[in-house]
Visitor: 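Sharing a structure, written as C-alpha cells. Questions coming.
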There are 2 protein chains.
Amino acid sequence: MSYQKAEEALRKADIRITRIRREILAVLYELGHPVSHGDISSEEQLRNFDRVTLYRNLNLLLEKGLVHGVLGTDGSWRYCAHPKDVEGCPGRHPHFLCMECGRMFCLPDQAIPFVEVPSDFEVAGKQFVIYGRCAECRNKGKDTEK
Amino acid sequence: MSYQKAEEALRKADIRITRIRREILAVLYELGHPVSHGDISSEEQLRNFDRVTLYRNLNLLLEKGLVHGVLGTDGSWRYCAHPKDVEGCPGRHPHFLCMECGRMFCLPDQAIPFVEVPSDFEVAGKQFVIYGRCAECRNKGKDTEK
DNA sequence: CCATCATCTGCAACTCTGTTGCATTATGAT
DNA sequence: ATCATAATGCAACAGAGTTGCAGATGATGG
C-alpha cells in the first residue's frame, strides 16, 4: 500500500508524519503522473483539507525533494512523485501538456538535454514543456467539428 | 529607428497601426531580450496606457507571430521580438531565468531539441526554461553573504 | 499515559497575473 | 469629412498562490 511508502519517505526526509502529507504522497504515488493543486484537492482523501494547507505541504514536499514540480503553459504547477524503489517520473525529462483537457503527460524516454549557460550562471533546475492536444482530445474534436 | 520597423511589421501582419502597438514593438525591438508585462508597462513610452490594453495587444502580437512568449518559472510571461531583418531571438531556443532579479536571458546558440511525443498527439509549441542565478546576482550575493 | 512545546492546520484576507464586459474613442476606408 | 469597425479605458472579476494569526495536533520526556 502507498501509505507505508509515504510514511517511509517522510521519515527519511525527517519531517513530521501528518495525515495530509501521507495522503498527498499516497495520491501522487498512485496517480504517477503530474497533477495540479486543483486535481489533488478534489481527490476523495484530500477534499476536506484546506487549500492553503495543501499548498504549504506541496511546497514543503518540493523543498525536501519528495515531489517534483512542472509548470504548465497554462500557468499552474503540476506535482509528481514516486516511491524511491519504483520506476517512475524523476522529473528529469520533458512533459507534454494538453491545452484542451489540461492533463500533463511524462515523456520519460527522452532526457532533458544539457544546456550550456553563460559562465558564472548558476543552474538550479530546468523546465521543458511541450504543449498541444492529446490524442483523446483530438478525437473528441473530430466528432463535433463538422 | 525602431518605429519604422514596427510599422512595417504591423502592416505586413495586416493589423491596424495604433500608438500602443508601435510603442510595444519598438520597446521590444530595442530591448532584444524577453521582458514581462510589468517591465514593458513601466517603460517611459508605455507608462500611460491601460494595463488591460497592454495585455490585449501583447496577446494580439503573439497570435500574429510578431512577438513570442516565454513562461518563466515564476509564473509570469515574458515577451520578445526582433525586426524581421535583424538577427535575434526567434523563440526557438532555451531561456535562462534568474530567480533573484527576475531577468530572462536568451540562450540562442542552442536549439530546442526535437522531442518525440506519443502518436496522435499534436504539438503546438515548446517551452524550455533553465532557472537559477545570473552572474550579477551571484556577485551581489558574495558581498553581503558573510 | 499524560504534559509540554514546537509544529501544523484552518480561516480570513491579501497579492499578483491575467481576463471579461461594456461604454467611449480613435482608426482608416470611402 | 463621414462613418462603420476596431481599439481603448475603466471597473469588475477570476484563478493561483501567499501571509498572519489563533487554535489544534503530533512527537518527545517524564
Visitor: Pairs in or reaching into residues 60-74 of chain B: which pass salt bridge (charged side-chain N to carboxylate O under 4.0 Å, His left out), with residues at least two apart or in two chains?
Guide: B/Asp74-B/Arg78

Visitor: Just to verify, what does B/Ser36 make a side chain to side chain donor-acceptor pair (under 3.5 Å) with, not counting sequence neighbours?
Guide: B/Asp39

Visitor: Categorize A/Arg51 for me: base, sugar-phosphate, or nothing, with a 4.0 angstrom heavy-atom threshold over every strand shown.
Guide: base

Visitor: To the nearest 0.5 Å, tell me how far B/Leu28 CG sits from B/Tyr79 OH.
Guide: 10.0 Å

Visitor: Have a look at A/Thr53 and say if it touches a base, only the backbone sugar-phosphate, or nothing, with a 4.0 Å heavy-atom cut-off.
Guide: base

Visitor: When the C1' atoms of the five terminal pairs at each end define the local axes, what inter-axis angle does the helix from C/dC1-D/dG30 to C/dT30-D/dA1 show, to 10 degrees?
Guide: 30°

Visitor: Between D/dT8 atom C1' and B/Asp50 atom CG, what is the distance in whole Å?
Guide: 8 Å

Visitor: In whole Å, what is the span from the CD1 atom of A/Ile20 to the P atom of C/dT7?
Guide: 19 Å

Visitor: I'd like to know if A/Lys140 and A/Glu100 make a salt bridge, using a cut-off of under 4.0 Å between side-chain N and carboxylate O.
Guide: no

Visitor: With a 3.5 Å cut-off and heavy atoms only, can you find an N or O donor on one side and an acceptor on the other between the side chain of B/Arg21 and the base of D/dT8?
Guide: no

Visitor: Just verifying a value: how many Å separate A/Leu107 CG and A/His93 NE2, rounded to the nearest 0.5 Å?
Guide: 7.0 Å

Visitor: Going by side chain to side chain donor-acceptor pair (under 3.5 Å), name the pairs with one or both residues in residues 11-20 of chain B, residues two or more places apart or in two chains.
Guide: none

Visitor: Looking at B/Gly69 and B/Leu62, what are the two nearest heavy atoms and their distance?
Guide: N-CD2, 3.4 Å

Visitor: Just N and O in the side chain of A/Tyr55: are any of them under 4.0 Å from OP1 or OP2 of D/dT18?
Guide: no

Visitor: Report, one pair per line, the protein and nucleotides 27-29 of chain D atoms (nitrogen or oxygen only) whose separation is under 3.5 Å.
Guide:
{"unit_1": "D/dA27", "atom_1": "OP1", "unit_2": "A/Ile17", "atom_2": "N", "d": "3.4"}
{"unit_1": "D/dA27", "atom_1": "OP1", "unit_2": "A/Ile17", "atom_2": "O", "d": "3.4"}

Visitor: Residues of residues 56-63 of chain A with any non-hydrogen atom less than 4.0 angstrom from an atom of DNA chain D: list those, numerically ordered, please.
Guide: A/Arg56, A/Asn59

Visitor: Closer to the 5' end of DNA chain C via nearest nucleotide, is it A/Ile15 or B/Leu71?
Guide: A/Ile15

Visitor: Using the ring of each side chain (for Trp, its six-membered ring), is B/Tyr55 parallel, tilted or perpendicular to B/His37, with breaks at 30° and 60°?
Guide: parallel

